[in-house]
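Following: one structure in structure tokens, then a few remarks.
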Amino acid sequence: MLINISGWPGVGKLTTGRELQAIMGGKLLDNHTILNVGRALAEGGTSEYYDLVRAVRSVAFAAILKLPSTLPVILTSVVARGGTSGFLEENWQAVIDLAQARNCPLFSVTLICSPDENARRIVSEDRGNRGKSRKAEILNRLVVERSLFDDGATHRMTVDNTNSSPLQTAQHIQDWIETFR
């Protein structure tokens, strides 16, 4: 199976993904693992940046296709419409295509939390240590300019993790996935 955890920056995608991986096993590919190569070598938002990110994604997804089909793969990303580049929609289509190429179901989990909690989480020092944005104004702009979506997934669920620990959120996701086995 392929599990994509989506949501706004700071909502807890990677932290939840790590807990889910600990529970279910499999592999975890955080979107920043792919994006950081582009950020390290090109100016964000440029054609060079997007070309690098596409190339890294292509290599990563090709490696996923070599994994046993029974091995769960957990991805994290922001799946949203809007903005000027169209990259987020393109990236989501690449995830859908990956699930089809693996001949496996695509479970989409959209994490949400209250705006106050999201603002608190996005400024955490740990995010900065991992090269992630800690700017609440970027989060606010994204929420105004874009909208989350997950059309095309085999199974879809939204989880409000405002008052849940990452482990509780991961257990909730696993319980939901188990209903389809």
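Computed from a predicted structure; not experimentally measured.
Side-chain contact between Val37 and Leu35: absent, with no pair of heavy atoms (C-beta onward) separated by less than 4.5 Å. Taking the side chain as every heavy atom from C-beta outward, Ile3 and Leu20 approach each other to under 4.5 Å. Put simply, the side chain of Val53 reaches to within 4.5 Å of the side chain of Ile34, judged on heavy atoms. For the pair Ser85/Tyr50, a side-chain contact is recorded, criterion being any heavy-atom separation below 4.5 Å from C-beta on. With a 4.5 Å cut-off on side-chain heavy atoms, Ser6 and Val109 do not count as touching. Contact annotation: the side chain of Val73 approaches that of Arg102 to within less than 4.5 Å [non-hydrogen atoms, C-beta and beyond]. Residues Glu90 and Arg57 meet the side-chain proximity criterion, which asks for heavy atoms closer than 4.5 Å.
In this structure, the separation between OG1 on Thr179 and CG on Asp175 is 9.0 Å, given to the nearest 0.5 Å. Once rounded to the nearest 0.5 Å, the distance linking CZ of Phe87 with CH2 of Trp92 reads 14.0 Å. Rounding to the nearest 0.5 Å gives a distance of 12.5 Å between NE2 of His155 and CG of Asp150. For the atom pair OG of Ser108 and CD1 of Ile96, the computed distance is 9.0 Å after rounding to the nearest 0.5 Å. Rounding to the nearest 0.5 angstrom, the gap separating the CD1 atom in Ile74 from the CE atom in Met24 is 6.5 Å. Rounded to the nearest 0.5 Å, atoms CG (Leu65) and CG (Leu67) are 8.5 Å apart.
Panel note: side chain Thr169, backbone Thr16; no donor-acceptor pair is recorded below 3.5 Å. The closest donor-acceptor contact from the side chain of Trp8 to the backbone of Leu111 lies at 3.5 Å or more, if one exists at all. Checked by atom type and distance alone, the side chain of Lys27 never pairs as donor or acceptor with a backbone atom of Ile64 at under 3.5 Å. Without hydrogens or angle criteria, Glu117 side chain to Ser114 main chain gives no donor-acceptor distance under 3.5 Å. Counting only distance, with no hydrogens or angles, the side chain of Thr154 and the backbone of Leu106 share a donor-acceptor pair below 3.5 Å. Judged by distance alone, with hydrogens and angles left aside, the side-chain atoms of Thr76 form no donor-acceptor pair with the main-chain N or O of Leu14 at under 3.5 Å. No donor-acceptor distance shorter than 3.5 angstrom exists from the side chain of Arg81 to the backbone of Leu88, with no hydrogens or angles considered. Using a distance-only test at 3.5 Å, with no hydrogens or angles considered, a donor-acceptor pair links the side chain of Asn36 to the main chain of His32. Glu19 contributes no side-chain N or O that, together with a main-chain N or O of Gln168, makes up a donor-acceptor pair within less than 3.5 Å.
Closest non-hydrogen pair, Gly17 versus Ile5, comes out as CA-CD1, 3.7 Å. Considering all non-hydrogen atoms of both residues, Thr15 and Pro166 come closest at CG2-CG, 3.4 Å.
Residues Ile23 and Phe180 share a hydrophobic cluster, clusters being chains of Ile/Leu/Val/Met/Phe/Trp/Tyr side chains in contact below 4.5 Å. Tyr49 and Leu41 fall within the same hydrophobic cluster, defined by Ile, Leu, Val, Met, Phe, Trp and Tyr side-chain heavy atoms under 4.5 Å apart, directly or through other members.
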Apply the test side chain to side chain contact (heavy atoms under 4.5 Å, CB included) to residues Ile177 and Ile173: give CA-CA distance (whole Å), side-chain angles for both, the deciding distance (0.1 Å), then the verdict. CA-CA 6 Å; Ile177 289 170; Ile173 294 167; 3.8 Å; yes

Any chance you could lay out the side chain to side chain contact (heavy atoms under 4.5 Å, CB included) test for Arg54 and Asp51, step after step, and finish with the verdict? CA-CA 5 Å; Arg54 286 181 185 105; Asp51 288 346; 3.6 Å; yes

Output, in order, the C-alpha distance, side-chain angles, deciding distance and verdict of side chain to side chain contact (heavy atoms under 4.5 Å, CB included) for Arg156 and Asp151. CA-CA 9 Å; Arg156 306 180 322 188; Asp151 303 348; 3.5 Å; yes

Could you walk me through whether Met157 and Thr110 pass the side chain to side chain contact (heavy atoms under 4.5 Å, CB included) check? CA-CA 6 Å; Met157 175 175 72; Thr110 302; over 6 Å; no

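Of the N and O atoms on the side chains of Arg121 and Asn161, at least one donor lies less than 3.5 Å from an acceptor on the other residue.
Relative ring orientation between Trp176 and Phe107 is described as perpendicular, the plane-to-plane angle rising above 60° on a 0-90° scale split at 30° and 60°.
For the pair Glu89 and Arg146, the salt-bridge criterion is not met [side-chain N within less than 4.0 Å of a carboxylate O].
Within a 6.0 Å sphere centred on CG of Asn103, heavy atoms belonging to other residues, nucleotides or ligands number 12 at most. Open room surrounds CD on Glu43; 12 or fewer heavy atoms of other groups in view lie less than 6.0 Å from it.
Annotation: ring pair (Phe, Tyr, Trp, His ring centres under 6.0 Å) contacts of Phe61 (sequence neighbours excluded): none. Every residue two or more places apart in sequence or in another chain that forms a side chain to side chain donor-acceptor pair (under 3.5 Å) with Asp97 is listed here: Gln93. Under the rule for a side chain to side chain donor-acceptor pair (under 3.5 Å), the partners of Ser77 that lie at least two apart in sequence or sit in another chain are Asn4.
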